[in-house]
*Asks:* 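If you scroll down you'll find the structure; I have some questions about it.
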Amino acid sequence: MKNKLLLISFLIILKNVLFAGEGMWLPLFLKQLNEKEMKSMGMKIKAEDIYSINKGSLKDAIVHFGGGCTSEIISSQGLLLTNHHCGYGYIQSYTTVQNNYLRDGFWASNKGLELPCSGLTATLISRIEDVTKDVLMGTDENMKDSERRIIFDKNIVDLQKRIKKEAHEDVFVRSFYNGNQFFAFITVTYKDVRLVGTPPESIGKFGADTDNWVWPRHTGDFSLFRIYANKDNLPSEYSVENVPYTPKHFLPISLDGVSEGDFTMVFGFPGRTNEYLTKEGVRQIVEEQNPVRIELRDEALKILDKHMRVDVNTKIQYSAKYASISNAWKKWIGESQGVKQTKGLEKKEKMDLEFQKRVEANPLFIPYRNIISDLDKNYKDLQNLSLAKDYYAEGFQRNIDLYNCYARIKKLIATYEGKSEKAFNDQKNEMSTNADAFFKDVNTSIEKEIFKTLLEIVVKGVDQALLVPHISEKMKLYKRDYNQFTNDLYSQSLFTSPDSIRILNALSYPQWIAKVKSDPVWMFYEELNYFITYGIQSTAGNLEDNIAGLRKLHMKSLMEVFPEKRFYPDANSTLRVSYGQVEGFSPKDGMCYKTQTYLDGVMEKYVPGDYEFDVPTKLRRLYESKDYGQYSEDGKMPLAFIASNHTTGGNSGSPAIDAHGNLIGLNFDRVWEGTMSDINYDRSICRNIMVDARYLLFIIDKYAGAGHLINEMKLVHPKGKKKKKK
Ligand code: ARG
Ligand code: GLU
């Protein structure tokens, strides 16, 4: 019995060691750092099949989509797969009352009908080079972080001129490991990218905000684009002469699905993580910063929801804004809760103590002895300043539309001062012409309700020594009547309606600027910005600089003090590989999440006519007749699955790849319980969410009838699960 227990616990330990899902690894170092582990987890290909500069490899199919999302090439004709929410803006730009592509979907039946997307770029990585030595040249440890950055920047400019590249290639350099290493990325950016197809929102955004970050999930969050190139296969602006891009590699798509325990890999462009913070750094995020941001957004969302529920127009007007405010809000709530649930702070503290113990024990590490205490001190000094910045950003900028109008006017002034009166007049007239569109999604009475509510929270919550003097004076004057102040602010300003904007912008510069400068909204935001710059940032900037320098040293010392550990660099929007396995988890005592969902779940969630949970008639018919073609599994239509790949924002649209290098899914989200993976990955609850590749194919083929797109792709059976084509 005892032996059996021992064996089981040994196996559990071994499993945890072998199948660590944590890490966003540099493709360049997979061979040294990861290949062995990946193979032990079931990977059948080699590191150089993933990243190689000598031959076509998986990396040649991975594309940075519009700079924010990831996408991948899935045919020899440059067909590009990404999320619906990544393509959203482009789909929306082609949506009209007559052609409601958001509501009904869109499928180009031939290449001539694919829709150009102005401004959309697709960036491929030619190669990655370690340029640490070149960038660090002339710097030393004792410099202030801001001084060091000036030298980096100069070195980088020199390097960009020097580095070997083709005329159509670009180079950019990014800092890794908090400024300890630097890599150059030689890239090719295609500028003619066209919309090929998208399911309706009732599939691509099924479950919308209610289901966002949630498992079990049933969203077919995908859309299709295509890269076009000139006749030499090189980047070119949009032209009718352009032809579909021929990739060096494209991903075959597996029809065999996944099972519990299967190896998975996600290859993409994760945006930003902070995995190596000390306990105090994490504590401030989850116990100080998140609660402030959440409290303000709670109120903004409550007000929006109240109005959106009773009025259809308001619902339409505010749905995009609601989605964007609620996305981060929901993530922060999950993040704080996840750290608490997994005792993240205790774990960080243990790590800090172990670091300190090893540092104290080794004379070589004398320079590292005060890092943690110095970081603590700087974090503590910064806390109230940084909270004040959060109060102001969330209270008056991100969640308030008035701010956008102020920002537009401010830009006009910059145009006048920097360019010419003509450019100024042109932009001013354009603003008047588009004023109705600018205010299309603004309802002033709702905005006022939000402003008033957030104002009160800010005034009461912010460190009183850091309350903007202008606001403090106004509050005294108004005897803290937030309502009256807000009413007066909006009614006395010209920044609040299309009509008032047109009246303002009809004036010539001298009168215009005089009116602007006496506008109460202008004064409010100018005073706010002035105070943030000179009352907060003047001090906060130095502390932030100290922290950046200390974090650089901390990162370097962690790598020396824990030589037995592998360290991956924090995400910074560069190409990374994450790997894990298909696995469920227990989010709470007594609860267990399975790995796979099916179309059946869509029908369980179906609410006829609902804006989040309606199901298109055709999809219901396909479900009823079980008309799933070659895409089903045991008579059911697989829809989404989870695995322990370490991902973050920016990984949206990343391919989930099987042991053989085939596409098995499309990454689009993480489970809410594990969103703290950005600051403290914990395999017990951190999972990424992917649409099953077979569901995409089913929608394209059976729902949209776009079989010509399926014909372009390469469908494979790596597990030999071939079945008869229906
Ligand atoms: N949570 C996903 C991400 O972080 C999806 C966001 C888009 N969907 C939404 N309902 N807001 O980007
Ligand atoms: N939806 C996210 C994105 O747009 C991915 C989810 C995450 O944050 O992991 O990148």
Side-chain angles (χ1 to χ4, degrees), residues 21-24 62-72 81-89 91-92 102 198-199 201-215 217-223 264 266-275 297 301 304-305 308 315 318-335 338 398 570-576 578 580 611-613 640 642-656 665-681 685-691:
E22 177 170 4
M24 300 173 169
I62 314 301
V63 182
H64 211 175
F65 183 85
C69 281
T70 306
S71 57
E72 52 278 358
L81 174 66
T82 190
N83 289 144
H84 182 270
H85 77 262
C86 295
Y88 197 87
I91 304 166
Q92 189 178 37
L102 280 175
T198 169
E201 273 185 305
S202 49
I203 291 173
K205 210 184 154 182
F206 182 76
D209 295 309
T210 302
D211 267 12
N212 190 24
W213 300 111
V214 166
W215 186 254
R217 191 62 157 277
H218 301 88
T219 316
D221 193 345
F222 81 100
S223 56
T264 58
V266 170
F267 204 178
F269 295 87
R272 211 175 131 74
T273 58
N274 280 296
E275 307 287 353
R297 288 196 182 199
L301 289 167
L304 287 177
D305 185 65
M308 286 164 75
K315 159 110 262 164
Y318 279 93
S319 79
K321 205 176 297 168
Y322 189 94
S324 104
I325 298 176
S326 81
N327 192 39
W329 164 81
K330 206 165 176 180
K331 192 210 126 170
W332 294 327
I333 298 175
E335 184 174 78
R398 295 188 197 136
D570 270 316
N572 58 358
S573 291
T574 60
L575 188 62
R576 302 295 179 87
S578 310
Y611 82 102
E612 294 186 299
F613 292 102
I642 48 174
S644 50
N645 301 294
H646 190 180
T647 56
T648 188
N651 269 124
S652 273
S654 299
L666 178 65
N667 185 72
F668 71 105
D669 214 354
R670 272 175 291 166
V671 300
W672 181 69
E673 292 84 352
T675 49
M676 89 295 192
S677 63
D678 288 348
I679 46 177
N680 188 16
Y681 183 93
I685 57 170
C686 293
R687 296 290 180 276
N688 67 313
I689 307 180
M690 296 144 284
V691 195

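Just so you know, residue 1 is the first one in the sequence shown, and it goes up from there. Just so it is clear, the values below take in all heavy atoms, side chains as well, and ignore hydrogens, waters and symmetry mates. Both ligands and their constituent atoms are indexed starting at 1 by order of listing.
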*Asks:* Side-chain donor-acceptor pair under 3.5 Å between Asp221 and His85, yes or no?
*Replies:*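 Judged by distance alone, the side chains do pair up.
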*Asks:* How far is atom 5 (C) of ligand 1 from its nearest protein heavy atom, and which residue and atom name does that atom have?
*Replies:*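 Protein heavy atom at minimum distance: Asn212 OD1, 3.4 Å.
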*Asks:* Go through ligand 2 atom by atom and flag the ones less than 4.0 Å from a non-hydrogen atom of Gly649.
*Replies:*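 So the atoms of ligand 2 that pass are 3 (C), 7 (C), 8 (O), 9 (O), 10 (O).
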*Asks:* Atom OG1 of Thr648 and atom CE of Met24: how far apart are they, to the nearest 0.5 Å?
*Replies:*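 Answer for the OG1-CE pair, Thr648 versus Met24, is 5.5 Å.
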*Asks:* Ser652 and Phe668: which non-hydrogen atoms are nearest, and at how many Å?
*Replies:*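 Closest approach of Ser652 to Phe668, heavy atoms only: OG-O, 3.7 Å.
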*Asks:* Which of the numbered atoms in ligand 2 are under 4.0 angstrom from any heavy atom belonging to Gly650?
*Replies:*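 Reading through ligand 2 atom by atom, the close ones are 3 (C), 10 (O).
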*Asks:* Please work out, at 4.0 Å between heavy atoms, whether the side chain, the backbone, both, or neither of Asn667 comes within that distance of ligand 2.
*Replies:*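 It is neither part, as no heavy atom is under 4.0 Å.
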*Asks:* Side chain or backbone of Trp213 under 4.0 Å from ligand 2, or both, or neither, by non-hydrogen atoms?
*Replies:*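 It is the side chain that gets close, since no backbone atom is under 4.0 Å.
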*Asks:* Could you tell me whether ligand 1 has any atom less than 4.0 Å away from a heavy atom of Ala208?
*Replies:*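 Contact check Ala208 vs ligand 1: positive.
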*Asks:* Just to confirm my output: which protein heavy-atom neighbour is closest to atom 6 (C) of ligand 1, and how far is it?
*Replies:*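 Heavy-atom neighbour on the protein nearest atom 6 (C) of ligand 1: Asn327 OD1, 3.6 Å.
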*Asks:* Is there at least one pair of N or O atoms, one from Ser652 and one from ligand 2, spaced under 3.5 Å apart?
*Replies:*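 Yes - when backbone and side-chain N and O of Ser652 are compared with those of ligand 2, one distance drops under 3.5 Å.
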*Asks:* Students should be able to answer this: which protein heavy-atom is nearest to atom 6 (C) of ligand 2, and at what distance?
*Replies:*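 It is Asp669 CA, 3.5 Å.
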*Asks:* Applying side chain to side chain donor-acceptor pair (under 3.5 Å), name anything that partners Trp672, two or more places apart in sequence or on another chain.
*Replies:*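 Residues passing side chain to side chain donor-acceptor pair (under 3.5 Å) with Trp672: none at all.
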*Asks:* For the residue pair Thr574 and Asn572, confirm or rule out a side-chain donor-acceptor distance under 3.5 Å.
*Replies:*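 The criterion, which ignores hydrogens and geometry beyond distance, is satisfied for Asn572 and Thr574.
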*Asks:* Considering only the protein, which heavy-atom contact is closest to atom 10 (N) of ligand 1, and what is its distance?
*Replies:*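 Answer for atom 10 (N) of ligand 1: Asp209 OD1, 3.1 Å.
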*Asks:* Can you tell me which residue and heavy atom of the protein come closest to atom 7 (C) of ligand 1, and the distance to 0.1 Å?
*Replies:*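 So the nearest neighbour among protein heavy atoms is His85 CG, 3.8 Å.
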*Asks:* How are the rings of His646 and Tyr681 set relative to one another: parallel (under 30°), tilted (30 to 60°) or perpendicular (over 60°)?
*Replies:*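 Tilted, since the angle between the ring planes falls between 30° and 60°.
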*Asks:* Which pair of heavy atoms, one from Arg398 and one from Arg297, lies closest together, and at what distance?
*Replies:*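 The pair with the smallest heavy-atom distance is CD-NH2, 3.6 Å.
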*Asks:* To check your reading of the model: name the closest protein heavy atom to atom 2 (C) of ligand 1, its residue, and the distance in Å.
*Replies:*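 Its nearest protein heavy-atom neighbour is Asp669 OD1, 3.3 Å.
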*Asks:* At their closest point, which heavy atom of Tyr322 faces which heavy atom of Leu304, and how far apart are they?
*Replies:*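 Tyr322 and Leu304 have their closest heavy atoms at CD1-CB, 3.8 Å.
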*Asks:* Nearest to atom 9 (O) of ligand 2, what protein heavy atom do you find, and at what distance?
*Replies:*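 Answer for atom 9 (O) of ligand 2: Arg670 NE, 2.6 Å.
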*Asks:* Give yes if a backbone or side-chain nitrogen or oxygen of Lys205 is under 3.5 Å from a nitrogen or oxygen of ligand 1, and no if not.
*Replies:*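 In fact, backbone or side chain, Lys205 has no N or O that close.
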*Asks:* With no hydrogens and no angle check, just 3.5 Å: does a side-chain donor-acceptor pair link Asn667 and Asn688?
*Replies:*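 A donor-acceptor contact under 3.5 Å links the two side chains.
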*Asks:* So, do Lys330 and Asp209 sit near enough that their side-chain heavy atoms are less than 4.5 Å apart?
*Replies:*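 Of all side-chain heavy-atom pairs linking Asp209 with Lys330, none is under 4.5 Å.
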*Asks:* Show the atoms of ligand 2 that are less than 4.0 angstrom away from any heavy atom in His85.
*Replies:*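 So the atoms of ligand 2 that pass are 1 (N), 3 (C), 4 (O).
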*Asks:* Suppose I only count heavy atoms of Asn651 and a 4.0 Å limit; which atoms of ligand 2 are within that range?
*Replies:*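 Every atom of ligand 2 under 4.0 Å from some heavy atom of Asn651: 10 (O).
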*Asks:* Is there a heavy atom in Lys331 that sits closer than 4.0 Å to ligand 2?
*Replies:*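 In this structure, Lys331 fails to qualify as a contact of ligand 2 - no heavy atom is under 4.0 Å.
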*Asks:* Ignoring hydrogens, what is the shortest heavy-atom contact between Val691 and Thr219? Give both atom names and the distance.
*Replies:*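 Heavy atoms of Val691 and Thr219 come nearest at CG2-O, 3.8 Å.
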